[in-house]
Trainee: 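Got a structure for you, written out below as structure tokens; questions coming shortly.
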Protein chains: 2
Amino acid sequence: MKSNEIKEAALKYFTIHGYEGASLAQIAEEVGMKKQSIYAHFKGKDDLFLQVLRDAKETELSSKRQYFSKFGSKNPEKDLYGYLQLVIDLFQRNEQLKFWLRMSFFPPVHLEKVIEQEVRDIEEKMQAILESKFQDWINAKLIVGDAAITPTFAFLGVVDSILLELVYGNDEKRLQAKLAASWTVFWRGISHQ
Amino acid sequence: MKSNEIKEAALKYFTIHGYEGASLAQIAEEVGMKKQSIYAHFKGKDDLFLQVLRDAKETELSSKRQYFSKFGSKNPEKDLYGYLQLVIDLFQRNEQLKFWLRMSFFPPVHLEKVIEQEVRDIEEKMQAILESKFQDWINAKLIVGDAAITPTFAFLGVVDSILLELVYGNDEKRLQAKLAASWTVFWRGISHQ
DNA sequence: TCGATTTTTACGAACGTTCGTCAGTTATAT
DNA sequence: ATATAACTGACGAACGTTCGTAAAAATCGA
């Protein structure tokens with residue numbers, strides 16, 4: 001399918017240059033066609049962008065859902081740390097996550113309402129799943145605290161800080177050091193008495 | 001000084017639309033002049049951008065340095081939490097910090113080498129200051145742990161996660177909740193036995 | 001202090017390029 | 001033969017930039 005090739009190239013350029021900085025001419029050249037030919041597959045730049053966005057959202061959602069479903073109820077340390085490693089792994093191998101991250105925080109202004117809606121949607125789903133897991137672990141007395149919201153937000157914060165390091169990311173050593181530090185302190189913070 | 005007005009407008013548009021999305025025509029209109037007149041003050045778009053970047057860097061550096069200098073050696077809880085609130089305050093009132101953050105993570109490609117250098121410079125300075133403070137607190141047995149690097153990186157992670165929430169930021173409630181959660185867990189993680 | 005001179009700032013006009021998009025035509029494949 | 005896909009050509013608009021020019025401001029010698 002040629003449409004997918006176009007979306008792949010678009011994903012790449014949108015990720016590197018942003019919406020405004022990516023041109024249809026470059027995207028088309030990457031696929032080996034003229035920019036006008038893109039219009040045989042998409043209504044225009046916005047349409048292409050939104051389809052790429054929705055694909056990225058779906059990938060993000062399903063891959064994380066899949067991992068969350070493997071969470072048990074008796075080993076939060078392993079599950080949570082494994083999730084952080086998954087995020088790193090996904091980010092480094094999956095172009096879609098980088099795209100998703102960039103557009104979450106710096107969307108093209110004229111599409112920001114639509115994007116914000118998608119971002120909020122996926123975020124709420126993730127938070128809900130995580131929160132219920134944390135509640136299970138609290139009930140099982142595997143971690144301390146009364147409200148599940150605290151470790152949930154704190155963990156989401158750790159994920160965010162790792163993602164930021166990945167975006168900035170040219171220093172694998174530093175990434176691993178930050179991961180280790182954040183994880184150590186986080187785990188002490190929710191597990192110790 | 002008209003140059004400063006131009007830089008102010010440029011800061012605004014670069015922050016909202018990114019380098020590629022910001023046009024000299026819009027920036028000029030904001031100041032009440034034509035785009036050609038900008039060339040009486042700056043060599044071109046890149047020159048304007050880099051001057052704005054360096055101003056932002058200086059503001060960021062001096063404002064944080066100023067706060068760090070007030071850090072004592074006997075109350076890390078107050079100092080660190082106060083710093084987080086300062087970051088939030090600065091971000092919400094100071095356009096330059098938003099600009100700095102956006103360009104740190106998603107710089108225009110053709111200037112990414114220059115920007116990366118500036119970012120790395122400021123980051124190393126911050127890290128060095130923080131690390132020495134943490135070492136003092138460890139020595140004074142006010143926080144636990146052996147190496148200062150662990151709480152330093154963990155704290156920088158908390159700062160990053162707060163910044164990310166600020167960027168995304170339309171939800172003050174959620175911001176405060178995330179701050180509270182991250183701080184609670186972080187402080188438990190470095191202070192409790 | 002004054003007029004003369006130089007420098008600074010802003011402007012209209014235009015440059016060459018690139019942008020996204022649309023219309024019409026040709027080639028390919030079902 | 002009919003639909004799909006890619007092409008050529010062209011469109012208006014916007015981009016950053018350069019030119020020459022005209023005020024305005026600053027500098028300077030008398």
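Since the model is a prediction, treat every value here as computed from it, not as a measurement. Throughout, a chain's letter reflects where its sequence line sits, starting with A, and its residues are numbered from 1.
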Trainee: Honestly, is A/Lys45 close enough over A/Tyr19, meaning NZ or CZ under 6.0 Å from the six-membered ring centre and within 45° of the axis?
Mentor: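 Relative to the ring axis of A/Tyr19, which defines the angle, A/Lys45 lies inside both limits.
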Trainee: Which heavy atom of B/Leu11 sits nearest to which heavy atom of B/Gln96, and what is that distance?
Mentor: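 Answer, listing the atom of B/Leu11 first, then B/Gln96: CD2-CG, 3.7 Å.
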Trainee: Whole-Å distance between D/dC15 P and B/Glu29 CD?
Mentor: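 So the CD-P distance, B/Glu29 to D/dC15, works out to 11 Å.
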Trainee: One thing to verify: whether A/Asp121 and A/Lys57 come together as a salt bridge, which I'm taking to mean a side-chain N less than 4.0 angstrom from a carboxylate O.
Mentor: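 Yes, this pair counts.
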Trainee: Less than 4.0 angstrom between a side-chain N/O of B/His41 and OP1 or OP2 of C/dT8, yes or no?
Mentor: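 Negative; the distance criterion is not met.
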Trainee: If you find the nucleotide of DNA chain D closest to A/Ala40 and the one closest to B/Lys35, which residue's nucleotide is nearer the 5' end?
Mentor: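 Taking each residue's closest nucleotide, the earlier one in sequence belongs to A/Ala40.
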Trainee: Nearest whole angstrom, please: distance from the P of D/dC15 to the CG of B/Asp46.
Mentor: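 Taking CG of B/Asp46 and P of D/dC15, I get 16 Å after rounding.
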Trainee: Base, sugar-phosphate or nothing for A/Lys2? Non-hydrogen atoms, less than 4.0 Å.
Mentor: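 Since only primed, P, OP1 and OP2 atoms lie under 4.0 Å of A/Lys2, the category is sugar-phosphate.
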Trainee: Which value, rounded to the nearest 0.5 Å, describes the distance between A/Leu101 atom CG and A/Met103 atom CE?
Mentor: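 Between atom CG of A/Leu101 and atom CE of A/Met103 there are 10.5 Å.
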Trainee: Under 4.0 Å between a Lys/Arg side-chain N and an Asp/Glu carboxylate O for A/Lys12 and A/Glu30?
Mentor: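 Judged by the 4.0 Å cut-off on N to carboxylate O distance, A/Lys12 and A/Glu30 do form a salt bridge.
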Trainee: Would you mind checking if B/Lys70 and B/Asp79 are paired as a salt bridge, meaning a charged N to carboxylate O distance below 4.0 Å?
Mentor: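 B/Lys70 and B/Asp79: not salt-bridged.
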Trainee: Grab the CD1-C1' distance between A/Ile27 and C/dT18 for me, whole Å please.
Mentor: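 After rounding, the reported distance stands at 14 Å.
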Trainee: Where the side chain of B/Tyr39 is defined as all heavy atoms beyond and including C-beta, which of D/dC7, D/dG16, C/dC11 is the nearest nucleotide?
Mentor: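 Shortest atom-to-atom distance from the side chain points to D/dG16.
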Trainee: How close or far is atom P of C/dT18 from atom CD of A/Gln26, stated in whole angstroms?
Mentor: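 Taking CD of A/Gln26 and P of C/dT18, I get 10 Å after rounding.
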Trainee: Dot-bracket, 5' to 3', for DNA chain D please: Watson-Crick or G-U pairs under 3.5 Å, [ ] where pairs cross earlier ones, | where the partner sits on another strand, dots elsewhere.
Mentor: .|||||||||.|||||||||||||||||||
Trainee: Can you check the A/Lys34 NZ to C/dT18 P distance for me, whole Å?
Mentor: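 After rounding, the gap between these two atoms is 13 Å.
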Trainee: If I take atom CD1 in residue B/Ile38 and atom P in nucleotide C/dA10, what distance separates them, rounded to the nearest angstrom?
Mentor: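 Computing the B/Ile38:CD1 to C/dA10:P distance gives 10 Å.
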Trainee: Work out which heavy atom in A/Val114 is nearest to a heavy atom in A/Arg54; give both atom names and the distance.
Mentor: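 Looking at all heavy atoms of both residues, the shortest contact is CG1-NH2, 3.6 Å.
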Trainee: Among C/dA13, C/dC19, C/dT21, which nucleotide sits nearest the side chain of B/Gln36?
Mentor: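 Output: C/dA13.
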Trainee: At a heavy-atom distance below 4.0 Å, what parts of residues 13-24 of chain A sit against DNA chain C?
Mentor: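 Close to the strand are A/Ala22, A/Ser23, A/Leu24.
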Trainee: For C/dG20, does OP1 or OP2 lie under 4.0 Å from any side-chain N or O of A/Lys45?
Mentor: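 Answer is yes, contact under 4.0 Å.
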Trainee: So does B/Ser37 get a side-chain nitrogen or oxygen closer than 4.0 Å to the phosphate oxygens (OP1/OP2) of C/dC11?
Mentor: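 Answer is yes, contact under 4.0 Å.
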Trainee: Are any non-hydrogen side-chain atoms of A/Phe42 and A/Phe49 less than 4.5 angstrom apart?
Mentor: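 Counting from C-beta outward, A/Phe42 and A/Phe49 never come under 4.5 Å.
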Trainee: Inspect the contact between A/Glu123 and B/Arg174 and indicate whether a charged nitrogen and a carboxylate oxygen are less than 4.0 angstrom apart.
Mentor: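 Result for this pair is yes, salt bridge flagged.
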Trainee: Within the 4.5 Å heavy-atom criterion, are A/Phe14 and A/Arg102 side-chain neighbours or not?
Mentor: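 Counting from C-beta outward, A/Phe14 and A/Arg102 never come under 4.5 Å.
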Trainee: Starting at CZ of B/Phe42 and ending at P of C/dA10, how long is that distance when rounded to a whole Å?
Mentor: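 After rounding, the gap between these two atoms is 11 Å.
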Trainee: For B/Lys43 and D/dC19, what is the distance between atoms NZ and C1' respectively, to the nearest whole Å?
Mentor: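 So the NZ-C1' distance, B/Lys43 to D/dC19, works out to 19 Å.
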